[in-house]
2 protein chains.
Amino acid sequence: MSRTRLDRVRARLADQGVDALLVGPSADLRWLVGYEAMPLERLTMLVVPVDGDPTLFVPGLEVARAEASGATDLADLSAWGETDDPIALVAGTVPGDGRLAVQDQLWTSFTLALQETLPGAEWVPGSTVTAPLRMVKDDHEVAALHAVGAAIDDVHARVADLLRPGRTETEVGRDIAELIRGTHDQVSFVIVASGPNGASPHHELSDRVIEVGDPVVVDIGGVLDGYCSDETRNYVVGDVDPAYRELHDVLEAAQAAGVDAVRPGVTAESVDAAARAVIDDAGWGEQFIHRTGHGIGVDGHEPPWIVAGDVTELAPGMAFSVEPGIYVAGRHGARIEDIVVVTEDGVASANHRPRGLTVA
Amino acid sequence: MSRTRLDRVRARLADQGVDALLVGPSADLRWLVGYEAMPLERLTMLVVPVDGDPTLFVPGLEVARAEASGATDLADLSAWGETDDPIALVAGTVPGDGRLAVQDQLWTSFTLALQETLPGAEWVPGSTVTAPLRMVKDDHEVAALHAVGAAIDDVHARVADLLRPGRTETEVGRDIAELIRGTHDQVSFVIVASGPNGASPHHELSDRVIEVGDPVVVDIGGVLDGYCSDETRNYVVGDVDPAYRELHDVLEAAQAAGVDAVRPGVTAESVDAAARAVIDDAGWGEQFIHRTGHGIGVDGHEPPWIVAGDVTELAPGMAFSVEPGIYVAGRHGARIEDIVVVTEDGVASANHRPRGLTVA
């Protein structure tokens, strides 16, 4: 959200031999110029040329919103009317035989129209330009991640009171969403996965009634001052099945091993390997069916990816989740997740709730 | 959400000379197979070949979600693991020199990766295949649009009670969101634009305190049983400025003229022209800065577009907003919006709240 970030993007465009970065409504746009544009059918697009000033193309009816965001202090405004062709306007500002980076989440329909208008251009994903910059958070961003981490801790601190036998996941989820709204600017997602639903990592909410003895996976997140939270804890309503406690003990050790592996200079995949080794050794490897984590910042999921194959070298300021899980289909599941930030000599967690099983 | 829709897509692929339709998380996917997939970095993709059975590619950890949606009754399931390359898997199921339609909202990063993997293919926007089919709603869909229209009417019926001098737009907006949650499955958007903010059509919420005499534009929508609502009414808190009432009278006549112009066989742009003529004639043409409306259904905004240049011939079952507005920068604005459905011999409104100015 500053001229510095635009300057760093321009320097990287020069390094990569890219003529311009084209950015639609996205985390990239928020990060670059602080504008939360509407991801709809009317094109909003920031064009950052390798040389020269950036231009923000905005539908005429959204000019006041764009100006209120402050984005037009950082980029020249170009408003287009309802019967104008915004693709032609954007295309007119970039070299037709150039190498153009297009922000990853831009709608394909816009990219296909740009490709048709500029058939001689070469196209690369925008993340090749922005991801390495966004991955390393500055002090302000690290503070924001700790603040939103504390905000979601406050919600988890009240979850056990909401989990009572006879309530549905949806009822509990609504109450949790209300708590997130109370401590964040925005609710991003609410997963309340009870009993066998806990074995589906991306289960959200259902009308399943929570019963005595059910384990419940609660994975929740929101946005505060533009930065995202994401924290998972496991609860049991009433008596704990010893088999579930055993599984959870393994998971707690695996999550701790993952966090302990984080420090500058190691690779993203080595953190995955550290957590996975604990689960593999306990014989649950086949039940850990996803990567260990994902980067987080102005987007809920962003690079680096904590997975085999991501050889990103960790550096101070990188922030990501460490969230191993064990899923026993048809029975139950568990996942423990903290957001951590790489420091000069190790790691700091943005979440501080107890990681053990909470009996509600 | 039926084999019939998939069959109609296949017939249209044959008509258009397209070899396959590639659909990511989107309204198209919900409409085709009823699956609300996560629009994140892990690829979910339905491949519908012109001949043969459709395949749904799903990240392994979301298989249970996909199965629960019923989508796997309509398409073969292909689950991919965290270290697989889903782009290669998808590319392997389509002809490398084929003509491929890619769903409009798919992330550009996926499309660029597909283009790199299949350099000999030709790419067209998915809406060329799906839009003509989705535009004409069947009886079930029309009933759903009327039901969600009634649900948002119920919210507008309670808005006047929330608008009191001294409250902020954000406070009022939170209460409205709560009411939408009470009558819908999901809140889509809440615009409360008071005083001069009413002159910004896409203003959302701010900390502006509502004062006596303020006009307030309230434009709200949600989702119920998969279909969207969208309704705008204008309120005044306390005494009405005669200039605002005059503007609103013109707008009411324009909105009625737009709705009256709707019938089978006329063009989408003719509805825009009918509403616009009333505002032009009253001398406010320059202040009507957007199109008259947009289609609506499983998506909040979809074809047809009620704007000069859209020559879609209206047919029974088409549904769209009729929402002219007049915006006086720095002072105030107004917009009146109903969702209407084209019938065999005319038009039916999905919204029934009084269209006149409501004094709160």
Under the criterion salt bridge (Lys or Arg N to Asp or Glu O under 4.0 Å), I'd like the reasoning laid out for B/Asp310 against B/Arg291: C-alpha separation, chi angles, the key distance, then a yes or no. CA-CA 11 Å; B/Asp310 189 330; B/Arg291 66 188 178 205; over 6 Å; no

Given heavy-atom pairs under 4.5 angstrom as the criterion, report whether the side chain, backbone, both or neither of [X] touches chain B.
X        : value
A/Val124 : backbone
A/Ile289 : both
A/Glu62  : side chain
A/Leu112 : side chain

Just checking, B/Arg30 and B/Tyr35: is the charged tip under 6.0 Å from the six-membered ring centre and within 45° of the axis? no

Does either side chain, that of B/Tyr327 or that of B/His332, offer a donor lying less than 3.5 Å from an acceptor on the other one?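 No donor-acceptor contact under 3.5 Å links the two side chains.
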
Does a donor on one side chain sit under 3.5 Å from an acceptor on the other, for A/Glu323 and A/Thr232?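 Checked: A/Glu323/A/Thr232 side chains show no N/O donor-acceptor pair below 3.5 Å.
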
Taking B/Thr44 for its side chain and B/Pro25 for its backbone only, find out whether a donor-acceptor pair lies under 3.5 Å.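 No: the side chain of B/Thr44 does not pair with the backbone of B/Pro25.
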
Less than 4.5 Å to any heavy atom of chain A: does that hold for the side chain of [X], its backbone, both, or neither?
X        : result
B/Glu178 : side chain
B/Leu106 : both
B/Gln115 : side chain

One pair to check against side chain to side chain contact (heavy atoms under 4.5 Å, CB included): B/Leu21 and B/Thr130. What are the steps and the verdict? CA-CA 9 Å; B/Leu21 172 68; B/Thr130 57; 3.8 Å; yes

Scored by heavy-atom pairs under 4.5 Å with chain B, the best of A/His202, A/His301, A/Met38 is A/His202

Leading residue by heavy atom contact count with chain B [cutoff under 4.5 Å; candidates A/Arg65, A/Glu302, A/His294]: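 Highest number of heavy-atom pairs under 4.5 Å: A/Arg65.
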
Under a 4.5 Å cutoff for heavy-atom pairs, which residue among B/Glu204, B/Glu116, B/Gln103 has the most contacts with chain A?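 If we count pairs closer than 4.5 Å to chain A, B/Glu204 comes out on top.
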
Residue among A/Arg208, A/His203, A/Arg174 satisfying side chain to side chain donor-acceptor pair (under 3.5 Å) with A/Glu169: A/His203

